[in-house]
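The structure under discussion appears below in the form of structure tokens.
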Amino acid sequence: MWVPVKHKSSGGRRPKRKVYHRVHELDKVMDFQKKPALILQLKSIIQSQKHQSLLLRDLEKEVGFVQKWNFMAAIEKYPSIFYVGGGNRTPPFVTLAEKAKKVAREEAEAKDLMEPILVKNLRKLLMLSVDCRVPLENIEFIESELGLPNDFKKSLLPKYPEIFSVKEVSGKLYLNLENWDSSIAVTAREEQLGGEGISAPSGLGNKVRISKDGNFLGPHAFRMSFPAGFRPNTSYLEQLERWQKMDFPSPYLNARRFDIADPKARKRVVAVLHELLSLTMQKRMTSAQLDAFHSEYFLPSKLLLCLIKHPGIFYITNKGARSTVFLKEAYDGLNLINKCPLLLFNDKFVALSGRREMNSCNAMHSP
């Protein structure tokens with residue numbers, strides 16, 4: 001289902017090019033995250049030191065020669081966050097400023113609030129897989145996207161032996177699900193529709209046409225947001241209407257039960273990707289991270305093509321070091337609509353730099 005797009009023609013018989021429409025707000029999200037990421041990384045490095053301070057001469061060992069200068073610039077630029085001491089006979093060091101220390105103490109509470117969210121999301125991540133297990137290295141690959149602590153294997157997993165176990169299979173360590181919980185085998189899409197009171201077919205007749213924005217009121221529909229400049233033709237909208245109405249198996253049912261050639265199974269793949277992105281803190285992952293779950297979730301071999309075919313649901317940006325896939329409905333312009341406790345804490349800490357929170361209007365909305 002390639003996306004038909006209207007193009008202006010200068011005459012002649014040149015074939016029409018397929019255009020990938022950019023969403024500039026989501027491109028900017030990647031640019032705007034650079035400074036907060038730098039500040040938060042330096043905070044973590046300082047807090048990991050024995051005396052909560054870092055000798056400036058040791059900064060290069062932590063971040064490398066090239067990045068060192070970016071961190072030095074941040075230290076100089078944000079004295080409200082970073083305090084530089086030492087001199088004379090004492091080597092220069094950097095620590096958190098007093099106000100930053102006070103705000104940093106709130107992180108413990110945010111992490112406490114995060115724990116049940118992390119356990120539930122990690123459990124759902126395993127429930128999505130065909131064998132209820134995922135290679136541990138894959139979990140580590142996306143640990144920051146999930147909000148997991150760096151030491152989650154020691155600090156989190158052993159606390160829940162009735163839910164998680166780590167076992168070796170064919171020489172590789174896997175995180176296994178010990179107990180299935182049907183009550184959480186519900187997708188974020190279904191929860192949202194339930195909140196909107198949509199739980200059964202709407203009863204709209206076949207003569208009712210889908211709107212030009214691609215949205216359809218029904219229990220099997222996905223929320224659409226076409227990029228600016230995208231002009232789908234009538235044929236595309238008709239296909240999309242049929243696709244939106246078509247029912248499909250739950251992502252939490254075993255993928256081995258379905259023939260991937262079945263259109264319903266292909267729609268289910270979209271639901272799997274939608275749910276996987278929904279389990280992350282910022283509703284986005286790099287394309288490499290998504291592809292790492294190819295075997296466990298029976299994802300299509302041409303994953304990028306699958307994402308591009310659904311421009312109303314997913315957006316791929318090449319801004320930043322890696323290509324990143326966004327769940328479009330999770331964002332209102334630049335702003336992530338719902339933030340977990342850890343992201344709310346990060347916003348508050350970064351705000352000490354004088355940076356206005358991008359999501360200030362939604363800061364009180366947390367899952």
Side-chain angles (χ1 to χ4, degrees), residues 3 5-7 17-40 142 144-147 188-189 192 196 211-216 221-232 236-237 240 270 273-290 303-340 342-351 353-367:
V3 181
V5 183
K6 291 182 180 179
H7 299 274
R17 289 188 307 145
K18 294 182 175 68
V19 177
Y20 188 70
H21 293 272
R22 307 233 61 89
V23 180
H24 298 294
E25 291 88 351
L26 295 181
D27 287 339
K28 289 178 182 176
V29 168
M30 302 305 296
D31 291 329
F32 288 170
Q33 74 168 3
K34 292 177 183 177
K35 187 176 84 171
L38 195 72
I39 291 171
L40 293 169
I142 64 168
S144 60
E145 279 66 32
L146 295 174
R189 186 194 67 86
Q192 185 175 18
E196 296 170 354
S211 61
K212 291 184 179 180
D213 64 5
N215 286 294
F216 175 74
F222 288 79
R223 181 166 292 181
M224 296 283 168
S225 176
F226 291 142
F230 181 77
R231 298 291 183 267
Y236 177 78
L237 290 174
L240 182 57
V270 174
L273 293 169
H274 186 287
E275 183 70 353
L276 186 53
L277 289 170
S278 296
L279 294 176
T280 64
M281 288 199 300
Q282 301 190 71
K283 317 306 177 194
R284 67 180 190 239
M285 295 172 68
T286 67
S287 55
Q289 288 172 326
L290 278 175
L303 180 59
L304 188 64
L305 181 61
C306 176
L307 294 165
I308 291 174
K309 282 181 178 179
H310 300 280
I313 304 172
F314 309 112
Y315 178 66
I316 306 169
T317 178
N318 290 321
K319 290 284 185 178
R322 304 169 184 87
S323 65
T324 301
V325 182
F326 283 82
L327 184 60
K328 295 181 72 175
E329 69 184 49
Y331 284 80
D332 179 12
L334 293 168
N335 300 328
L336 180 63
I337 296 170
N338 293 315
K339 291 197 173 185
C340 65
L342 187 56
L343 289 181
L344 292 175
F345 164 77
N346 288 346
D347 276 353
K348 186 171 183 179
F349 189 86
V350 171
S353 68
R355 173 193 177 93
R356 293 185 63 187
E357 295 177 20
M358 284 197 303
N359 203 30
S360 58
C361 62
N362 296 308
M364 297 308 294
H365 294 183
S366 59

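Between the Tyr315 side chain and the Val23 main chain, a donor and an acceptor come within less than 3.5 Å of each other.
Ring planes of Tyr236 and Phe226: tilted class, angle from 30 to 60°.
Distance SG/Cys306 to CG/Leu273: 5.5 Å, rounded to 0.5 Å. We find the CG-CD distance between Leu279 and Glu145 to be 12.5 Å, quoted to the nearest 0.5 Å. We find the CG-CG distance between Leu307 and Leu305 to be 9.0 Å, quoted to the nearest 0.5 Å. Atom NZ in Lys35 sits 10.0 Å away from atom CG in Leu38 (nearest 0.5 Å). In this structure, CG in Asn338 is found 10.0 Å from CG in Leu344, a value given to the nearest 0.5 Å. With values rounded to the nearest 0.5 angstrom, Gln289 atom CD is found 8.0 Å from Thr324 atom OG1.
At a threshold of 4.5 Å between non-hydrogen side-chain atoms, the residues Pro311 and His21 do not count as touching. Residues Ser287 and Leu303 are not in side-chain contact: their nearest non-hydrogen atoms beyond the backbone lie 4.5 Å or more apart. Arg189 is not listed as a side-chain neighbour of Glu329, based on a closest heavy-atom distance of 4.5 Å or more. Residues His274 and Leu327 are in side-chain contact: their nearest non-hydrogen atoms beyond the backbone lie under 4.5 Å apart.
Phe314 pairs with exactly one of Ile308, Leu290, Val270 by the side chain to side chain contact (heavy atoms under 4.5 Å, CB included) rule, that one being Val270. Under the side-chain hydrogen bond (donor to acceptor under 3.5 Å, both in side chains) test applied with Tyr331, the options Glu25, Arg284, Gln282, Lys283 reduce to a single match, Arg284.
Closest approach of Phe216 to Ala221, counting heavy atoms only: O-CB, 3.2 Å. Among all heavy-atom pairs drawn from Val325 and Leu277, the shortest one is O-CD2, 3.8 Å. Taking both residues in full, the closest heavy atoms of Ile313 and Arg223 are given as CG1-O, 4.1 Å, listed atom of the first, atom of the second, then distance. Of all non-hydrogen atoms in Lys212 and Pro232, the two that sit nearest each other are O-CG, 4.3 Å. When every heavy atom of Pro227 is checked against every heavy atom of Arg22, the shortest pair comes out as CB-O, 4.3 Å. Annotation for Lys339 and Asp347: closest pair NZ-OD2, 2.5 Å, computed over non-hydrogen atoms.
Annotation: side-chain contact (heavy atoms from CB on, under 4.5 Å) contacts of Asp31 (sequence neighbours excluded): Lys34, Lys319. Residues that satisfy the side-chain contact (heavy atoms from CB on, under 4.5 Å) test with Ser144, not counting sequence neighbours, are absent from this structure.
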Stepwise, does the side chain to side chain contact (heavy atoms under 4.5 Å, CB included) test hold for Leu304 with Ile316?
CA-CA 9 Å; Leu304 188 64; Ile316 306 169; 3.3 Å; yes
